[in-house]
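Along the sequence shown, the residues carry numbers beginning at 1. Heavy-atom basis, side chains included; hydrogens, waters and symmetry copies ignored. Since this is a predicted model, take the numbers as computed values, not measurements.
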Amino acid sequence: MEKGILTLICKKKLKRFVLNLQIKNIKISNQDFRDFNLSLLNSKDFIYIDPPYFLATAPYNENKAWTLQDELDLLEFLSLLQAKNIRFALSNVILHKGKEHKILQNWLKKHSNLKTHFLNFHYTNCNYQTKNTLSQEVLITNY
């Protein structure tokens, strides 16, 4: 398929996406989860969380920008969402470059009602990924 045709298809998809956001009154927020006002939400709402990965060394996480305390605070926030029956999905890694995410694994053991979806993606063409290393990305949901 030619590049121009792909561009037209992408533009049409983007327009449909924006229209659906407007029709369905969907709000997108980009902020620190600790500043989020949970009183605005109810059980019909949904939160998607894609934090810096604790085990990763991506450019956004250089110099330990995402700390152990951040990770623990996030897991506490997710527990609070669960207690309030607010649906969520969390992207993360359970294993990265052969290193296990023990904090997340232990939290999941305590919250056995959550679902862990193992994603089968490969990022070998990305410059921030090291080839031939063992990583397992997951999507964790409470619905």
Side-chain angles (χ1 to χ4, degrees), residues 1 3 6-143:
M1 200 176 289
K3 188 176 181 180
L6 284 175
T7 301
L8 289 174
I9 291 170
C10 288
K11 282 183 182 180
K12 284 182 181 180
K13 285 183 178 181
L14 181 59
K15 285 181 183 181
R16 276 197 319 254
F17 177 75
V18 170
L19 182 62
N20 275 313
L21 288 176
Q22 294 166 340
I23 291 170
K24 296 178 182 180
N25 194 27
I26 295 172
K27 295 183 176 115
I28 296 175
S29 176
N30 178 17
Q31 66 187 80
D32 189 306
F33 64 92
R34 289 165 282 225
D35 297 330
F36 196 84
N37 184 355
L38 289 180
S39 68
L40 302 174
L41 303 177
N42 62 50
S43 62
K44 294 180 182 178
D45 291 312
F46 170 78
I47 294 183
Y48 172 67
I49 302 165
D50 188 16
Y53 296 162
F54 183 65
L55 297 181
T57 54
Y60 58 76
N61 201 21
E62 289 177 353
N63 301 318
K64 298 290 181 193
W66 186 258
T67 67
L68 172 60
Q69 189 59 56
D70 293 321
E71 192 76 2
L72 295 173
D73 289 349
L74 176 62
L75 296 176
E76 181 62 31
F77 177 75
L78 295 174
S79 296
L80 185 59
L81 292 176
Q82 180 69 13
K84 292 181 172 282
N85 293 316
I86 298 170
R87 295 172 298 155
F88 69 80
L90 167 72
S91 293
N92 215 306
V93 290
I94 207 84
L95 181 70
H96 183 66
K97 296 184 179 180
K99 188 174 179 183
E100 292 183 54
H101 193 333
K102 295 285 188 185
I103 297 165
L104 183 58
Q105 289 173 342
N106 290 335
W107 183 79
L108 286 168
K109 285 178 188 173
K110 293 177 188 173
H111 297 84
S112 58
N113 57 323
L114 300 178
K115 296 177 184 84
T116 303
H117 310 270
F118 293 88
L119 307 178
N120 189 18
F121 295 122
H122 301 283
Y123 301 102
T124 54
N125 63 335
C126 296
N127 63 0
Y128 59 85
Q129 294 293 327
T130 303
K131 294 182 180 179
N132 300 322
T133 59
L134 189 57
S135 291
Q136 179 61 65
E137 190 166 358
V138 294
L139 182 71
I140 299 165
T141 60
N142 69 340
Y143 54 90

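- Atom NE2 of His96 and atom CG of Leu134 lie 10.5 Å apart (nearest 0.5 Å).
- Leu95 has its side chain out of reach of Val138: every pair of non-hydrogen atoms, C-beta onward, lies at least 4.5 Å apart.
- When all heavy atoms of Asp45 and Ile86 are compared, the closest pair comes out as O-CG2, 4.3 Å.
- Not a single donor-acceptor pair under 3.5 Å links the side chain of Asn113 to the backbone N or O of Asn142.
- Between Val93 and Leu104 the shortest heavy-atom distance is O-CD2, 3.9 Å.
- Residues Ile94 and Phe118 come closest through the heavy atom pair CG2-CE2, 4.2 Å.
- In this structure, the side chains of Tyr53 and Glu137 come closer than 4.5 Å at one or more pairs of heavy atoms.
- Formation of a donor-acceptor pair under 3.5 Å by the Asp70 side chain with backbone atoms of Thr67 is found in this model.
- Remark: Leu72 CG to Glu76 CD distance equals 9.5 Å, nearest 0.5 Å.
- With a 4.5 Å cut-off on side-chain heavy atoms, Phe88 and Gln82 count as touching.
- Nearest heavy atoms, Pro51 versus Ser91: CD-O, 3.4 Å.
- Atoms CZ and CD1, on Arg16 and Ile23 in that order, are 12.0 Å from each other to the nearest 0.5 Å.
- Between Arg87 and Ser43, the closest heavy-atom pair is NE-O, 3.7 Å.
- Ring geometry, Phe77 versus Phe33: the interplanar angle falls from 30° to 60°, so the pair is classed tilted.
- Between Phe54 and Leu74 the shortest side-chain heavy-atom distance does not fall below 4.5 Å.
- Counting heavy atoms from C-beta on, the side chains of Gln69 and Asp73 come closer than 4.5 Å.
- Contact of the Ile47 side chain with the Ser29 side chain is not registered, since no non-hydrogen atoms from C-beta on lie closer than 4.5 Å.
- Lys102 places a side-chain heavy atom less than 4.5 Å from the side chain of Gln105.
- Atom CG in Leu38 sits 6.0 Å away from atom NZ in Lys84 (nearest 0.5 Å).
- For the pair Lys97 (side chain) and Ser135 (backbone), a donor-acceptor distance under 3.5 Å is absent.
- Taken to the nearest 0.5 Å, the CG atom of Leu108 stands 4.5 Å off from the CD1 atom of Ile140.
- Between Gln136 and Thr116 there is no side-chain heavy-atom pair separated by less than 4.5 Å.
- Side chain of Asn20 to main chain of Phe17: no donor-acceptor pair is present (N/O by atom type, distance under 3.5 Å, no hydrogens or angles).
- To the nearest 0.5 Å, atom CZ of residue Phe36 and atom CG of residue Leu81 are 8.5 Å apart.
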